[in-house]
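Beneath this line is the structure, given in structure tokens, with notes to follow.
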Protein chains: 2
Amino acid sequence: MKTRDKILLSSLELFNERGERNVTTNHIAAHLAISPGNLYYHFRNKSDIIYEIFLEYEKLVDFYLDIPEDRAMTLDDMTFYLESVFDGLWSYRFFHRDLEYLLDSDQRLRQDYRDFTNRCLASISRIFEKLAEAGIIEPQEEDLRSAMSLNVWLVITNWMAFLKTAHAAEESACLTLTELKQGIYQVLTLEIPYLTPAYRERVMALREKYRPALHDRDDLNATLCK
Amino acid sequence: MKTRDKILLSSLELFNERGERNVTTNHIAAHLAISPGNLYYHFRNKSDIIYEIFLEYEKLVDFYLDIPEDRAMTLDDMTFYLESVFDGLWSYRFFHRDLEYLLDSDQRLRQDYRDFTNRCLASISRIFEKLAEAGIIEPQEEDLRSAMSLNVWLVITNWMAFLKTAHAAEESACLTLTELKQGIYQVLTLEIPYLTPAYRERVMALREKYRPALHDRDDLNATLCK
DNA sequence: GTATTATTAGAGTATATACTCTAGTGAGTC
DNA sequence: GACTCACTAGAGTATATACTCTAATAATAC
């Protein structure tokens with residue numbers, strides 16, 4: 001693997017693990033056992049590394065959220081979208097953590113992220129529309145649909161922060177993809193009132209699969225997360 | 001005013017304006033025209049300043065979210081809760097921005113914030129319960145009510161981050177309380193399906209008051225925010 | 001007044017951080 | 001063998017950051 005790609009990979013790994021704020025370019029170089037000079041041969045600065053990682057993230061989510069227009073939408077599609085988006089969020093989880101700072105220090109990123117958000121919102125709204133066409137949810141006026149889409153987006157992008165901050169015993173590193181996907185339970189909660197009678201049972205059953213475990217997770221975590 | 005209080009006030013002001021990450025103890029001292037030594041006479045370190053500011057924030061929100069148990073809830077109560085919570089969010093807006101980092105660097109804060117979140121969630125849930133008792137929304141099972149409360153919390157705490165990141169032309173400083181309160185529109189969107197026929201019209205009218213302006217706000221901002 | 005205590009200034013320190021500069025090395029080309 | 005060129009090492013730099021230390025001044029108690 002090329003040094004350049006190794007830098008991107010290690011950076012992402014370290015950022016996700018410790019948070020961008022706690023990872024310096026020297027840390028990245030040390031982690032790869034290369035010199036800082038070498039790192040700066042491949043990237044002009046830290047922002048450039050982050051920007052390239054964002055482009056990957058963007059590409060991934062755009063790929064996941066591609067809506068097929070030649071056929072009706074199924075419940076499986078919806079499940080796929082939810083699972084995928086949370087997968088993406090997990091793989092690039094450092095990003096939303098320090099989002100505001102990152103956008104403040106890179107105007108390119110700010111602009112691109114804005115467009116990205118708008119594309120995501122449009123996709124979510126389109127998914128709702130197609131779910132209605134498929135008779136899974138009741139059709140809604142566009143106004144309501146976009147407000148709902150925005151709420152879905154807010155829940156999705158804030159779910160991880162909630163997990164990491166609301167559970168005292170957990171360190172940041174101490175978070176599993178499974179827990180993250182309990183966010184799906186929250187998203188489906190938003191849909192409940194709009195489900196058609198024909199699909200209500202099936203969606204509720206799907207939602208049940210993601211229900212957070214009831215017991216206090218602290219003990220479990222103690223064993224799971226060293 | 002005591003130097004100690006001035007430090008807290010200036011810190012909050014600078015944190016809100018520039019973000020905690022961009023404000024050093026030296027900046028705070030310089031802003032007050034006092035020496036760093038003086039600042040460190042009053043506070044052991046930066047974390048202690050942040051912690052005390054959090055305690056204020058916590059106290060304020062706890063005060064706002066006190067639910068009177070001796071009478072029924074009105075629509076005005078609900079409006080007050082929403083307005084107040086967003087006021088609090090505005091006054092201490094730096095806090096949620098760097099939340100994860102702050103909690104990672106101060107265990108007291110982590111524990112306290114966790115308890116704070118849980119109290120807020122309980123209050124939101126209790127508000128829903130009392131809104132149902134008052135015939136404003138349909139009563140719901142506890143399960144659903146707590147999932148809904150959590151969604152409300154996620155929307156509220158993430159609304160500002162959304163505003164600051166989704167609008168490219170806006171600098172962080174460039175955000176008004178009015179815009180922030182459009183978050184109320186989003187929260188009321190969550191309630192729509194649960195409104196009783198008796199109150200539906202009134203709540204929808206209330207919601208309308210917070211609807212975000214339709215036009216592209218960039219031009220307006222250019223004039224409003226220097 | 002004198003003693004004590006609270007407060008303040010301001011220079012200083014140890015460490016970290018993002019990034020630069022110079023001097024290479026090694027693989028391929030002619 | 002001479003030359004090129006992508007790549008790398010590693011020491012070094014300017015600046016910033018959180019925080020400390022000492023000495024001095026103001027406020028208060030007796």
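These values consider heavy atoms only, across backbone and side chains, with no hydrogens, waters or symmetry-generated copies. First the proteins, then the strands, lettered A, B, ... as listed; each starts at 1.
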Between atom [atom1] in [X] and atom [atom2] in [N], what is the gap in whole Å?
X	N	atom1	atom2	answer
A:I7	D:dT8	CD1	P	8 Å
B:N22	D:dA18	CG	C1'	16 Å
B:L39	C:dG12	CG	C1'	17 Å
A:D5	D:dA6	CG	P	17 Å
B:L32	C:dG10	CG	C1'	16 Å
B:K46	D:dT20	NZ	C1'	18 Å
B:F43	D:dT20	CZ	C1'	18 Å
B:N26	C:dT13	CG	C1'	13 Å

Taking only side-chain nitrogens and oxygens of [X], does any of them come within less than 4.0 Å of OP1 or OP2 of [N]?
X	N	result
A:T25	C:dA18	yes
A:K2	D:dC7	yes
A:T3	D:dC7	no
A:N38	D:dC7	no
A:S35	D:dG10	no
B:H42	C:dT8	yes
B:Y40	D:dC19	yes
A:Y41	D:dT8	no

Scan side-chain atoms only and decide if [X] and [Y] contain a donor-acceptor pair under the 3.5 Å cut-off.
X	Y	result
A:T165	B:Y113	no
A:D112	A:Y51	yes
A:Y210	A:E83	yes

Next on the checklist: In terms of relative ring orientation, are B:F54 and B:Y57 parallel, tilted or perpendicular, with 30° and 60° separating the classes?
Outcome noted: perpendicular
Checklist entry - Heavy atoms under 4.0 Å, any strand shown: does B:I34 hit a base, just sugar-phosphate, or nothing? => result sugar-phosphate
Next on the checklist: Taking any heavy-atom pair under 4.0 Å as a contact, classify B:N45: base, sugar-phosphate, or nothing.
Outcome noted: sugar-phosphate
Checklist outcome for this item: On DNA chain C, more 5' by nearest nucleotide between B:A33 and A:T24 is B:A33
Item to check | DNA chain C: 5'-proximal contact among A:G37 and A:H27 (nearest heavy atom) | outcome: A:H27
Checklist entry - Below 4.5 Å, heavy atoms only, C-beta onward: do A:F94 and A:R18 meet side chain to side chain? => result no
Item to check | Closest listed nucleotide, where the reference is the side chain of A:P36 and the choices are C:dT7, D:dT8, C:dC19 | outcome: C:dC19
Checklist entry - Which value, rounded to the nearest 0.5 Å, describes the distance between A:E100 atom CD and A:R110 atom CZ? => result 8.5 Å
